[in-house]
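Predicted, not measured: the structure shown is a model, and the values here were computed from it. For this chain, numbers begin at 1 and follow the sequence in order.
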Amino acid sequence: QLRLVESGGGLAEPGGSLTLSCVASGFSLDVYGIGWMRQAPGEERKDVACVSWSGINIIYEESVEGRFTVSKDNAKNTTYLHLNSLKPEDTGVYFCGARERGRCLRFAPYEYDLWGQGIQVTVSS
């Protein structure tokens, strides 16, 4: 059974940090790119970050550039999103999605093969 499960969300203060995990089951991450997207209240889902299947190419949405870091640990079948210097506008439900041979060359509309259930991140004082 193919599955992605996010964890690590919760409440953080502005300027604080959180680490989200995306654990893959039923398939190997070594041939899948992983995208992270966020859906803020009242808004559509937006791209946040993407790491290619090879782990070589990584891209970030402009608003999180320099603050968030995505990494891929194929041995653990887990992708991480490190959220640093958090801002209230980072609040939302974060989703990880898998795309076979995803290259993450740029953000563009395309379908992911599989999505996690999403996890809430709230940044507030």
Side-chain angles (χ1 to χ4, degrees):
Q1 186 175 5
L2 308 181
R3 181 174 295 180
L4 292 173
V5 179
E6 301 97 335
S7 63
L11 178 65
E13 297 182 349
S17 299
L18 288 172
T19 296
L20 306 182
S21 299
C22 176
V23 180
S25 300
F27 65 100
S28 296
L29 285 185
D30 59 358
V31 293
Y32 283 82
I34 298 294
W36 287 93
M37 303 186 78
R38 176 179 65 221
Q39 187 167 15
E43 300 182 7
E44 296 186 359
R45 193 177 302 183
K46 297 181 179 180
D47 296 299
V48 175
C50 192
V51 55
S52 66
W53 67 271
S54 65
I56 294 174
N57 198 48
I58 297 173
I59 56 173
Y60 299 98
E61 194 272 329
E62 183 178 355
S63 69
V64 309
E65 182 77 46
R67 299 189 298 116
F68 291 8
T69 302
V70 64
S71 63
K72 195 165 179 277
D73 188 339
N74 291 337
K76 296 182 178 180
N77 234 27
T78 301
T79 303
Y80 303 95
L81 184 66
H82 304 278
L83 295 73
N84 301 307
S85 301
L86 283 164
K87 302 176 179 179
E89 52 262 42
D90 296 322
T91 294
V93 178
Y94 284 72
F95 300 85
C96 62
R99 189 165 72 97
E100 187 174 12
R101 298 292 180 180
R103 298 172 67 186
C104 299
L105 298 178
R106 62 181 179 179
F107 292 124
Y110 52 76
E111 295 184 3
Y112 284 84
D113 299 316
L114 182 67
W115 287 99
Q117 81 285 354
I119 189 164
Q120 179 71 42
V121 170
T122 302
V123 184
S124 176
S125 300

Taken to the nearest 0.5 Å, the spacing of Glu13 CD from Ser124 OG works out to 9.0 Å
Kindly give the heavy-atom pair with the smallest separation between His82 and Thr19, and that separation in Å.
ND1-OG1, 3.1 Å
Side-chain H-bond candidate by donor/acceptor type, Ser52 with Ser54, under 3.5 Å
yes
Using atom types as modelled and distance alone, determine if a side-chain donor or acceptor of Glu61 lies under 3.5 Å from a backbone N or O of Glu65.
no
Would you compute the distance between atom OG1 of Thr79 and atom CG of Leu29 and round it to the nearest 0.5 angstrom?
4.5 Å
Under a 4.5 Å cut-off applied to non-hydrogen side-chain atoms, are Tyr112 and Ile34 in contact?
no
Leu114 CG to Tyr32 OH distance, which is reported to the nearest 0.5 Å:
8.5 Å
Give a yes or no on whether Arg106 atom CZ has more than 12 heavy-atom contacts from other residues, nucleotides or ligands under 6.0 Å away.
no
Side-chain heavy-atom pair Val51, Trp36 within 4.5 angstrom cut-off
no
Distance-only, no hydrogens or angles: does the Tyr60 side chain make a donor-acceptor pair with backbone N or O of Val70 under 3.5 Å?
yes
Sub-4.5 Å side-chain heavy-atom contact between Phe95 and Glu6:
yes
Give the minimum heavy-atom separation between Leu86 and Ala12, together with the two atoms involved.
CD1-CB, 3.7 Å
Hphob cluster co-occupancy, Tyr94 + Met37, side-chain heavy atoms under 4.5 angstrom
no
What about Val48 and Tyr80, same hydrophobic cluster or not, with Ile/Leu/Val/Met/Phe/Trp/Tyr joined at side-chain heavy-atom distances under 4.5 Å?
no
Smallest separation among heavy atoms of Leu81 and Ala49, with atom names
CD1-CB, 4.2 Å
Starting from Phe107, walk the hydrophobic network (Ile, Leu, Val, Met, Phe, Trp, Tyr; side-chain heavy atoms closer than 4.5 Å) and list everyone else you reach, by chain and number.
Ile59
What distance separates Ile119 CD1 from Ser7 OG, expressed to the nearest 0.5 Å?
5.5 Å
Any non-hydrogen side-chain atom of Lys72 less than 4.5 Å from a side-chain atom of Ile58?
no
Closest approach of Gln117 and Leu4, non-hydrogen atoms and distance?
OE1-O, 3.6 Å
Taking the side chain as every heavy atom from C-beta outward, state whether Leu83 and Arg67 have any pair of such atoms under 4.5 Å apart.
no
Might you confirm whether atom CD of Glu43 has over 12 heavy atoms from other residues, nucleotides or ligands at distances under 6.0 Å?
yes
Check the surroundings of atom CG in Leu2: do more than 12 heavy atoms from other residues, nucleotides or ligands lie under 6.0 Å from it?
yes
Distance (rounded to the nearest 0.5 Å) between Trp53 CH2 and Asp30 CG
8.5 Å
Residue pair Arg38 / Thr91, side-chain heavy-atom distance below 4.5 Å:
no
Considering all heavy atoms of both residues, which atom of Gln120 and which atom of Thr122 are nearest to each other, and what is their separation?
NE2-OG1, 3.2 Å
For Ser17 against Ser85, the heavy-atom pair lying closest together:
OG-N, 4.3 Å
Close side-chain approach of Phe27 to Asn77, heavy-atom, < 4.5 Å:
no
